[in-house]
Every structure is written in structure tokens, then in C-alpha cells.
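Everything numeric in this text was worked out from a predicted model, so none of it was measured. Hydrogens, waters and symmetry mates play no part in the numbers below; they use all other heavy atoms, side chains included. Protein chains get the first letters and strands the later ones, always in sequence-line order, with residue 1 at the start of each.
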Amino acid sequence: MAKLTIPRQELMYSGHAACPGCGPALAMRLLLKGLGPRTVVSVPASCWTVIATPYPTTALGVGMLDNAIEATGASISGLRAAADALGLGDLNVVGFAGDGGTADIGLQSLSGMLERGTDALYVMYDNEAYMNTGVQRSSATPQGAWTTTTPVAGEARGKLEPKKDIMAIVLAHHPVYAATLNPSFPEDFVRKVEKARERKGPRFFHVYAACPPGWRYDSDQTIELGRLATYAGIFPLYEVEMGRLRITRRMGQLKPVEEYLKAQGRFRHFSPEEVQQVQEQARARWDDLLARERAANPPERAAVPGEPASPALPPPVAGEALGRT
Amino acid sequence: MTTTPATDLSTPVPSERLPPSTRRAGPRKDLSVMIGGQGGDGTLTVSDLLGRYFHEQHLYVYTARNVLSRIRGGHADASTRGSVEPVWAQKATQDVLVAFDDEAVRIGQAELDPEGFILGDQGGVSEGPERLYLLPLSLTAASKVGNGLYKNTVAYGALSHLLGFDETKARGVIEGRFGRRGGEALQKNLSAFDLGRTLAREQVGANPLFLLEPGTNTRSILTTGNQAAALGFVVGGGRFFAGYPITPATPIMDHLTRWLPTFGGVVRQAEDELSAINMTIGAAYAGARSMTATSGPGLSLMTEGMGHAGQAEVPVVIVDCQRVGPSTGEPTRHEQSDLLHVVFGSHGEFPRFVLAPGFPADAFELTVEALNLAEKWQLPVFLLLDENLSEYTQSSEPFDLSKVRIDRGKLLSQEALAALPVYKRYLFTDDGISPRSVPGQRGGMGQTTGNEHDEWGHVSVNPENRRRMMAKRLGKMERARGDLPRARIYGEARGQVGFVGYGSTYGPIREAQRLLAGRGISSRFFQARTLWPVPTAEVEEFLATVERAFVVEHNFTGQLALLLRQALPRSSFSSIVQYDGNAFRAPALVKRVTEGRP
């Protein structure tokens with residue numbers, strides 16, 4: 001019998017209050033499988049605070065601290081410092097915030113946490129808008145997408161501005177480990193969680209988290225949509241360890257973005273020109289990643305297609321190297 | 001069943017205590033339907049369709065909802081009331097309960113009139129009391145419409161038969177609601193509607209269970225306080241709005257996103273409330289009439305900006321749609337507990353006005369007024385709404401455009417500016433209001449600052465200047481009194497009972513007055529519309545006309561009562577509070593004032 005690649009233990013239970021097909025729910029489930037029970041999560045006001053605690057149950061098998069929407073980075077900074085002082089150094093301290101709570105209102109707090117070298121894992125689950133209040137745009141909403149505050153009517157064509165590049169912002173803080181994750185690739189997902197768990201210092205995950213009601217697609221399509229996102233270069237999977245970028249899901253050729261866009265009501269108004277624009281952006285994003293990977297890795301060490309997690313990476317760097325909170 | 005403590009106003013009064021008129025047979029003049037199920041069952045849609053139908057029948061409509069803060073799941077219910085007489089609040093009991101599951105039966109039953117009936121979905125309801133009609137709503141939707149989700153429209157169809165609706169009009173309501181989504185959704189809903197009617201006719205009986213008397217109210221519009229405030233902003237000359245998503249204020253931003261660009265205005269969704277208030281200050285400084293809207297947690301973040309606007313004398317309007325606090329509290333439920341925050345929040349001392357509308361047309365009017373007052377007096381003006389006023393759809397008088405006027409105060413034209421020997425942004429004047437230019441006007445340059453400053457806007461710590469500047473700014477509160485919206489008084493010239501309240505307590509209080517009148521008890525209601533500065537003289541005058549006065553509000557500490565006690569230390573009144581997330585119900589309010597247990 002083949003060895004299980006995904007831990008069997010469930011720390012996120014059924015009976016939660018998420019919608020069918022909820023990407024953020026899948027993200028939490030896989031995250032906790034990888035982290036195990038010695039974990040505490042700090043969650044700001046978001047979909048996940050209501051998913052986790054529908055009276056009289058809780059969906060989580062780990063402790064949760066609910067915090068103000070702008071405060072996740074600060075919350076886990078305090079949590080980490082006190083846990084260390086109390087001799088709970090082995091506790092996985094995790095912030096789990098949405099794209100609004102991270103890239104908009106929580107950006108200052110995230111930056112503070114990263115800059116201080118806080119030994120914690122910050123997870124941004126990116127459903128690309130404010131869903132809990134009924135689909136308003138966030139800075140992570142893709143360009144052109146419909147939301148209630150970026151309407152599509154008459155001359156209005158959805159969100160005008162491009163999606164904020166949260167990974168670039170995070171990487172400018174030089175965290176020990178940062179990665180993009182997608183629940184449609186569970187083995188890649190859990191591998192990155194386990195890797196992050198073993199590192200000390202600030203770590204960051206950007207998680208693709210599809211939202212059926214907010215993105216306007218059928219809830220049984222979440223996994224398929226996630227695959228398309230990665231295969232089309234909309235959401236490539238990679239990790240950056242001590243500044244070294246490595247693509248973890250390699251594609252010889254990107255799938256056309258059209259299939260991905262057509263599957264979602266929020267892009268239904270796209271003209272062929274707008275589709276073409278997204279296509280070009282996906283291509284450029286992918287080429288850029290390839291170039292950054294080449295630059296970071298000497299040719300003899302470049303990753304090979306189909307290769308599992310690289311065994312040749314340097315050993316985990318002690319958090320002290322960056323200073324711990 | 002546990003005994004209900006006397007102080008708990010959330011439990012409806014059993015119908016035997018209601019006036020006999022509500023128990024008679026024949027067409028109903030006042031009917032309320034509650035729809036309960038899980039979030040995602042479409043309860044709000046049925047409530048909305050009923051509201052539209054009642055409106056078409058020229059009835060007065062009031063809808064209420066009880067939903068949890070989540071996209072899906074958990075118990076959710078909504079009620080829709082239609083009445084021949086004006087109504088301003090939820091009915092104390094429900095005549096019909098539509099239940100999609102057992103929990104909805106259990107919760108709804110507590111409010112069900114003994115003569116009422118329950119329409120249950122066989123797919124989710126296993127048992128219930130007498131007068132429960134179980135129909136295969138979800139099964140029919142799944143097997144015949146192709147998707148179980150249409151069970152809500154099947155239920156609406158069944159109801160339309162059981163309540164004797166005009167079929168064409170009831171169908172028309174579906175067309176009105178789903179028409180613009182086009183072909184398939186409309187066709188499926190219409191077919192679900194027809195199937196529902198057939199089900200009810202075949203399985204319950206050919207005759208309706210209740211009939212509803214049509215009304216004569218052809219004037220009203222259906223709207224919410226949020227919609228009214230957004231329209232008031234557009235009509236009142238508002239041209240810049242910034243906000244950050246937060247329940248229950250988000251609809252104001254959503255409405256303005258659609259409407260404001262047509263009038264050359266701008267809506268900016270900020271990255272947080274610090275940004276929203278400071279964008280608003282920036283836009284106001286640049287010369288646009290500017291507003292932001294939020295709820296408790298966002299207001300907390302705006303607090304520094306509130307003081308800045310007061311000190312720098314920048315005119316901004318801040319809408320606070322109150323919900324249950326503190327912290328995340330109960331985002332979708334009702335409370336009035338931010339009053340002291342808007343009155344006293346932010347460090348230091350600065351002038352501000354707090355206005356509070358009681359119903360949608362009032363929200364429209366006071367939003368226009370808030371914009372005028374902010375510019376005329378150059379300070380922050382708060383518009384205090386609350387969850388029920390913000391979100392509950394109700395019949396409203398059409399908004400009166402003839403009363404709209406725009407007063408931009410001492411905002412200088414280029415000609416007026418040229419005529420001045422010298423422009424000082426913070427010039428000392430008799431009324432404490434200085435001339436104001438906007439950036440780019442010739443001869444209008446100056447500093448606008450939150451530092452203490454002299455007449456020029458230069459930073460100053462001179463004690464004499466500080467004294468004069470404080471007097472200039474804080475003195476606005478007294479000088480503006482005659483300008484501030486006056487309270488509205490309802491009821492008889494003198495009252496055995498007097499009510500003082502603001503916001504959506506307007507509804508239950510007015511209905512309580514009607515019940516009191518039915519019992520021969522005279523009453524008067526002081527609907528406060530300016531809360532800060534406290535309208536001391538007005539309240540004092542009112543208190544002199546009533547025998548016993550009650551200050552009615554939704555919070556634990558009696559915040560309005562506290563302000564009134566401080567302003568009127570020798571006056572006598574009692575405080576009635578409720579803080580369970582629900583709105584007052586009129587019969588319970590009557591009980592509180594007549595049984596002397598405030």
C-alpha cells in the first residue's frame with residue numbers, strides 16, 4: 001500500500017458554517033492537517049470567524065483567537081512573544097486572514113510582524129473580495145472583476161486596478177519562507193505547510209481560496225477551477241526560501257485563461273480583448289517566475305519537471321539569524 | 001417553558017392580551033408572515049416577494065429579518081407585515097409561519113398567533129402543532145423545477161393561494177423581481193410559483209385560509225434608511241463618498257457606487273476606516289461635500305479623524321449605522337450603543353453635531369441637513385442610524401424634494417475671495433465661523449491644520465490664542481442651537497405617558513401610542529432628531545406636558561437618559577432599555593409603561 005501523503009488527522013470538522021465548495025474551508029482543513037494539534041490560530045473578522053463558531057459548535061480542533069480585522073499581524077506577534085516567555089516555544093502560531101484583512105486593512109500589521117522577524121506563520125486566504133459583507137472589491141480583486149463596488153453596467157467594466165501583488169510586498173521583507181498554495185493541489189499544499197512548520201521566523205502563505213457565491217460559479221467546480229487557475233498561470237505555485245524562488249508546479253505550456261474566466265460570473269462581461277489582456281498577463285507572470293527561478297538557482301541546481309520537494313535545499317535556518325520576537 | 005422576566009421585552013405578548021379586533025374572522029387588516037429556515041434557504045426572497053405584493057395591494061409594509069452574520073447556514077428568518085393602517089414596526093405576533101425545518105417551527109411557534117397556521121416543508125419539517133400544513137415544497141422544486149433551491153418560490157406560490165392573493169399580481173411581483181436576470185431564472189421561478197399554487201389547492205383546499213383586505217395607501221414607496229440616506233446624499237449635493245465594507249453600513253456604499261457617478265460624484269472604497277475618514281477629510285478640504293458611513297468597529301478606527309475634522313474645522317458627515325457592540329458584537333443585530341462614542345469620542349474637545357433620523361423619509365431629510373450643517377458650521381456632523389432603520393424595508397412617504405436646499409456656508413467664491421483685503425482661514429469672527437477657500441483659488445492659500453493654530457493656520461502654542469481658538473470652536477455648539485433639526489412630537493397635547501426616543505424606536509413607540517389610546521391612556525412622543533448638543537429646552541418643555549416620562553433606547557446603560565440627566569438634572573423620567581439584539585415590540589412597551597416596571 002502506498003504511503004499516505006496527506007495526514008489522516010482532521011482538525012477542522014464537519015458542521016462548520018461555510019458555503020458548499022468554500023475554498024477558505026479547504027485551505028484551513030489542509031493547513032491544520034499539515035500543522036497538527038500544537039497550533040493556535042488568530043483569525044480577524046472575516047468569513048472564517050463565522051465559519052469556525054456556529055453556536056453551539058466549533059469547527060476547529062485547535063484554539064482560536066478572534067481579533068480585530070486590522071490586527072492579525074499584531075495579534076500573532078503578542079501571542080508568539082508570550083508563548084515563548086511561557087516556555088511554549090513548540091506552539092505553531094498562525095494568523096489566518098482574508099485578502100481584505102491582509103492586503104488592505106491589515107497590511108501595516110503584517111508588515112510589522114514580518115519586519116520584527118516574528119516566529120509565526122501568516123496565511124492570507126485569498127477569495128479576492130470582501131465576501132462576508134456581500135462581495136465588495138478588495139485590493140486583491142483581479143482587474144476587471146465584478147463586485148458590488150466595482151459594478152458592470154454601462155461604461156463601468158468591473159474593477160479598474162490590477163490585483164495587488166502581495167507576494168512581492170511580503171518578499172520585500174525577506175521572510176524565511178513564503179509560498180503560494182492552492183487546495184486543488186493538496187499534496188503540494190501539505191508539503192509546504194510541513195516545510196513552514198519546521199522553519200523558525202516569519203513565514204507567509206498566499207492561498208488561492210475560491211468563493212462560489214462571490215465569484216459566481218457552481219459550488220461543485222471549486223477544485224476544477226483551482227486547477228485551471230494554476231494551469232493557466234493565473235495562480236502559479238511556487239515557494240521562496242531565504243530569497244530563493246522555486247516553482248513547485250511546472251507547466252510546459254500554460255492552458256488558455258479563457259476557460260478559467262468563462263467559468264465565473266464575475267468575468268462574464270469580458271470582451272475578447274479583455275480575455276487577451278489577462279492571457280498576456282498570465283504569460284508575463286509565468287515568464288517572470290521562470291526568470292526569477294533561473295536567477296536564484298545555478299543551472300546545475302535548477303528544478304526538474306515532476307521532481308518532488310527538492311532534497312538539495314539548504315537546511316532550515318534558525319530564527320535567531322533574523323532575530324525573533 | 002421558563003418564566004419570562006419582567007424586564008425582558010423581546011418575548012411577544014400572547015394574543016389573548018391583544019385587543020379583540022385582531023382576533024376577529026373575515027379579511028385581515030393587518031397580517032404578518034414569518035419565513036424561517038437555514039441561511040441560504042431563500043427566506044429573505046419570500047419576504048421580499050410578499051413585501052412587493054403587499055405594496056402592490058396598497059398596504060403599509062414593514063419587513064424585519066433575523067439573520068446571522070454569515071453567508072450561509074444557521075437559522076434565519078424574516079417577517080413581512082402588510083396592513084391597511086400605517087405600521088412602523090414588526091407585528092407582535094405572526095399570523096402565518098412558513099417553515100423549512102424543525103428549528104424554524106420551534107422558533108416561529110413562539111410568535112405564532114393561536115389562530116395562525118404553519119406552512120411547512122415536508123423535506124425539513126417532521127412534526128408540529130395543529131394547523132400545520134405540510135407540503136412537499138423542496139421535493140416539488142427539485143423534481144419539477146430541477147433545483148431544490150426554488151422551494152422558496154414554491155412556498156410563495158402556495159402562500160399566494162392560501163392567503164387568497166390575486167394570481168396575476170402575485171405573479172407580476174416575481175416578474176418584477178427576477179425579470180432583469182432574464183430568461184431562465186424568471187421562467188423557473190414562475191413555474192415554481194405555479195406549482196406552489198397547485199400544491200396548496202390540491203392538498204389544503206380550494207378556498208384560502210385567510211383573506212387580506214386591500215389597502216388604500218397609494219402614496220408610499222418601499223425603501224430602507226440606508227437607501228434614503230444615500231439618496232439624501234446625492235440630492236443634497238454630496239459628491240465624494242468613502243467607505244469600507246461593514247455590516248450594516250455597506251449598502252450605503254453599494255447604492256452610491258451605482259448612483260453617484262451619474263451626478264459627477266466619486267465613490268472610493270478605502271483600504272480601512274482610517275483611510276475612509278481621512279479621504280473624506282481630504283475631499284472636503286478640496287471643496288466637495290463629503291461623507292463616510294460605517295458601523296461601530298469602523299467608527300472606532302475613525303475616532304482620531306473625528307477630532308482632526310473638529311480641530312481643523314473641516315466639514316464632514318459621518319454616518320454610523322449602529323449594531324450590537326463592542327468589538328465584532330453581533331453584526332446583523334440591533335442596538336443603539338454608540339451614542340456616547342459619537343458624542344464624546346476622540347481625545348481633546350471639539351464641536352460636533354449628532355443627528356438621528358427615525359424613519360426613511362427622515363433619514364433622507366436629515367442627510368441633506370447634515371451636509372448643510374457641516375459646511376455652514378465647519379465641523380463633523382454625525383448621522384446616527386441603527387440596524388433596523390438601516391436595513392429593514394418599509395413603506396415610506398415619498399421623499400420631499402421641495403424642501404431640499406443647499407447651504408455651503410462661508411465657502412468663498414473667487415469673487416468674494418478677491419474682495420477680501422486678506423484671507424485668513426481661521427479668522428476670528430462674531431459667529432466663530434471663518435471664511436473658507438479651496439486649494440487652487442487665487443489668494444486663498446492657507447494652512448488647514450490639526451495642530452493648534454492662529455488665524456493664519458500657523459502652529460501656535462500662545463495661551464491667549466489657545467483660549468480664543470477654543471472659544472471660537474466650542475462656542476459653535478451654543479450658537480448653532482437655532483439651526484439644528486427640531487424634534488417631532490406625536491400624540492395628544494398633554495399625555496399621561498410621555499416617550500423620548502430616537503432612531504428606529506420611532507416605530508414601536510408610535511404603535512405603543514396607538515395601543516395606549518385604545519386603552520384610554522393619552523400619550524406624547526418626543527422623537528429626538530438632534531441628540532448633540534442635547535436639545536435641553538425642547539426636552540424640558542416636553543417633559544412639562546406629560547405625567548410620566550420614559551426614555552426608550554437599545555443599550556444597557558441608558559446612554560440617552562444619561563445625557564438628558566446631565567443636561568436636566570432636576571427633571572424626572574424613567575429609562576427603558578433593551579439590549580438583546582431585538583427591537584422593542586409595541587405591546588411589551590405598553591406593558592412596561594403601564595405596569596410601572598421600567
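Other residues, nucleotides and ligands contribute at most 12 non-hydrogen atoms within 6.0 Å of the CD atom of B/E304. Heavy-atom contacts from other residues, nucleotides or ligands closer than 6.0 Å to CZ of B/R268 number 12 or fewer. Counting non-hydrogen atoms of neighbouring residues, nucleotides and ligands closer than 6.0 angstrom, the NZ atom of A/K262 reaches no more than 12 such neighbours. Enclosure of atom CD in A/E161 by more than 12 non-hydrogen atoms of other residues, nucleotides or ligands within 6.0 angstrom is indicated. The neighbour count for A/R29 CZ, taken as heavy atoms of other residues, nucleotides or ligands under 6.0 Å away, does not exceed 12. For CD of A/E258, the number of neighbouring non-hydrogen atoms (other residues, nucleotides, ligands) closer than 6.0 Å is 12 at most.
Interface remark: B/P245 contributes backbone and side-chain atoms alike to the contact with chain A (heavy atom separation under 4.5 Å). Neither the backbone nor the side chain of B/L274 comes within less than 4.5 Å of any heavy atom in chain A.
Between B/Q269 and A/Y130 the shortest heavy-atom distance is NE2-CE1, 3.6 Å.
One finds the CD atom of A/Q108 at 10.0 Å from the CD atom of B/E271 (value rounded to the nearest 0.5 Å). To the nearest 0.5 Å, atom CG of residue B/L301 and atom CD1 of residue A/I105 are 5.5 Å apart. Distance check, rounded to the nearest 0.5 Å: CD of A/Q136 to OG1 of B/T257 gives 8.5 Å. Here OG1 of A/T149 is found 12.0 Å from CG of B/L256. Values are rounded to the nearest 0.5 Å.
Between B/T250 and the options A/T148, A/T133, A/V135, a side-chain contact (heavy atoms from CB on, under 4.5 Å) holds for only A/T133. For the side-chain contact (heavy atoms from CB on, under 4.5 Å) test with B/T328, the passing option among A/T49, A/I69, A/D66, A/V50 is A/D66; the others fail.
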